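Below is one structure, written out as structure tokens; comments come after it.
This is a predicted model, so every value here is computed, not measured. Proteins come first, then strands; the chains are lettered A, B, ... in the order of their sequence lines, and each starts at number 1. Every heavy atom of this structure was used, including side-chain atoms; hydrogens, water molecules and symmetry mates were not.
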Amino acid sequence: MGSVPFALALVCVAAALFAVGRWLNISYAFFAAYVVVQYIVLGTAWNILGGYTGYVNFGITAFFALGAYSSVVLYKLVPSLPLPIMMVVGGIVAGLVGLGTGYLTLRLRGVFFSIATLALAVVVQTLITNWDFVGGARGAYVLRPRVAPLIGGDYIQYLFLLMLGLCVIALTTARAIEHSALGYGFAAIRDDEGAAEASGVPTLRLKLIATVLSGGFMGMAGAPLPYYVTYLDPSSGFSLNYAVNAIAMPLIGGTSSWLGPVVGAVLVGGLQEYIRVTISSAVNVLVAGVLLVVFVVLAPEGIVGLFRRRRR
Amino acid sequence: MTPLLQISGLGKRFGGFTALQAIDLDVQEGERLGLIGPNGSGKSTLVNCICGTLRHDLGSVRFGGKPLDGLAAHQRTRGGLARSFQLPRPFGTLSLAENLRIPILYAVNARGEGGLAGPAIDARCRDLLAEVGLADKAHRLPRDLTQIEMRKLELARAMAAQPKLLFADEVMAGLSHAEIDEIIALLFRLNGQGVTVIMIEHIMRAVMQFSQRLAVLVAGRKIADGKPADVVRDAEVVRAYLGE
Ligand SMILES: Nc1ncnc2c1ncn2[C@@H]1O[C@H](COP(=O)(O)OP(=O)(O)OP(=O)(O)O)[C@@H](O)[C@H]1O
Ligand SMILES: [Mg+2]
């Protein structure tokens, strides 16, 4: 299947999901589904760098929160700015930061790169916590319009629709990469960077492309967050949840294809939501962590990998 | 005519250890050069320095008349240098055919003229695998190969980059008599198509049969360079190989 038919198929699935939601018309369903779709985007974004090129990024919250705080800044400057534009801006900001950190850190291999990204998350969090304009440690309030623009109904429906749209774009991008020269170049880097160079692969440039795409999608996923939570402070914007889930979900679902992060996010995100309602949200990280360990030990190729192997 | 490859005064150190010292070597276009020397004499290090996997410390390397200094390894490959790794370094998660696809996509197609697309790439991968006798394993992963088959894959991947100059770094180690003859014939064919070949090999039968010229490295220095028959009779070479 080409990229265009694939994107159209995704749009149909997304439209069907949204239609079912509208028909059910339960606010809670939209709130819960938003989180799952957001994690599909985050997991897909992480996977473009971590799964395809093998560079493990621990600094997810830096990119995600940059998107969220870009929206806070824009909200304070131009409150009437449409949210899709804020998402694009958040994506550009996070993508540029990805380019910068990539340029500084991508010469580091393996675990050293991961530690550098962890440091980035700490640096960005410290800067934002000390930036009064966006509320600093106190946090910032964002007034959410009661009614959704364009589509009417509850505003959460609008947020969900935007996240669905972003998800379609992210998945289409990820799948297009897999089937392109870029995807082969990424795989070569993941397998053996020196051999990739010797085969003509411009490794630094490809890694920068991956970092920009990955960071950009994380930023776009974070941009609607202030409107979702209405009160954003550093501890919620930089929550460990995002980092753990964005890594755990692709690894559980399988890192070798676009489908992995989807399966992982639906499964783990769904389970977390169920436990949050029945027990407590405090165990969210634990759920992802335990599943992650189980999969890394028993099925390192993830759920998608398990099915592939069976088919062979 | 300017030589295709001009190495002058090349030096390489690993910490306090001098791996290569004041190497001068010219290789003409279309030549078949054998490069021999005892274990640890610096043959692979020389390949690494020329192809950009390692940076040399002293001297200069010119390829096609242009200096290579400062060029990244991938730029040198695109410029027409290709090498096999002595210890095979296949792309482990890609099938054999996909392994060959990488240099086609990133070296051959990056040169602009004569790029391949779609089915032409698949056909080229199949042909190359057939040339080294791995056609029936095109869709297997490298981990299904023996060490010897991996050496053949290394050679095929280097050939896939369509180089002007090919380094074959011990691709024949462990092969049977008949297989060695096949690889020699393959390298002769490549050379017939205009590819300059530098063969690094411990199997003297192959080196003597293939090379028009022989260079000898001992402990990081070039101690002999000339007609193969003369070089192997050279007193210093004999001493280096057979001991005092
Ligand atoms: N990356 C490295 N770091 C430190 N020392 C190295 C490195 N690579 C090679 N050496 C050393 O440099 C010397 C030359 O090694 P090289 O691999 O070039 O020898 P060679 O002639 O290819 O030997 P062989 O015939 O066994 O392949 C050896 O003593 C080796 O231990
Ligand atoms: Mg060697």
Which atoms of [X] are under 4.5 Å from chain A, going by heavy atoms: the side chain, the backbone, both sets, or neither?
X: B:T93; answer: both
X: B:R89; answer: both
X: B:A82; answer: neither
X: B:L105; answer: side chain

To the closest 0.5 Å, what do you measure between CG (B:L94) and CG (A:D192)? 11.0 Å

CD/A:E197 to OG1/B:T77 distance, rounded to the nearest 0.5 angstrom? 7.5 Å

Where B:R83 and A:A198 come nearest, the two heavy atoms and their spacing: CD-CB, 4.4 Å

Nearest atoms (heavy-atom pairs only) where A:V201 meets B:H74: O-CB, 3.4 Å

Would you say CZ of A:R205 has more than 12 non-hydrogen atoms from neighbouring residues, nucleotides or ligands within 6.0 angstrom? no

Within a 6.0 Å radius of atom CZ on B:F14, are there more than 12 heavy atoms belonging to other residues, nucleotides or ligands? yes

Looking only at A:A195, A:A188, A:A196, A:S199, most heavy-atom pairs under 4.5 Å shared with chain B are made by A:S199

Can you tell if the side chain of A:L206 reaches within under 4.5 Å of the side chain of B:Y106, non-hydrogen atoms only? yes

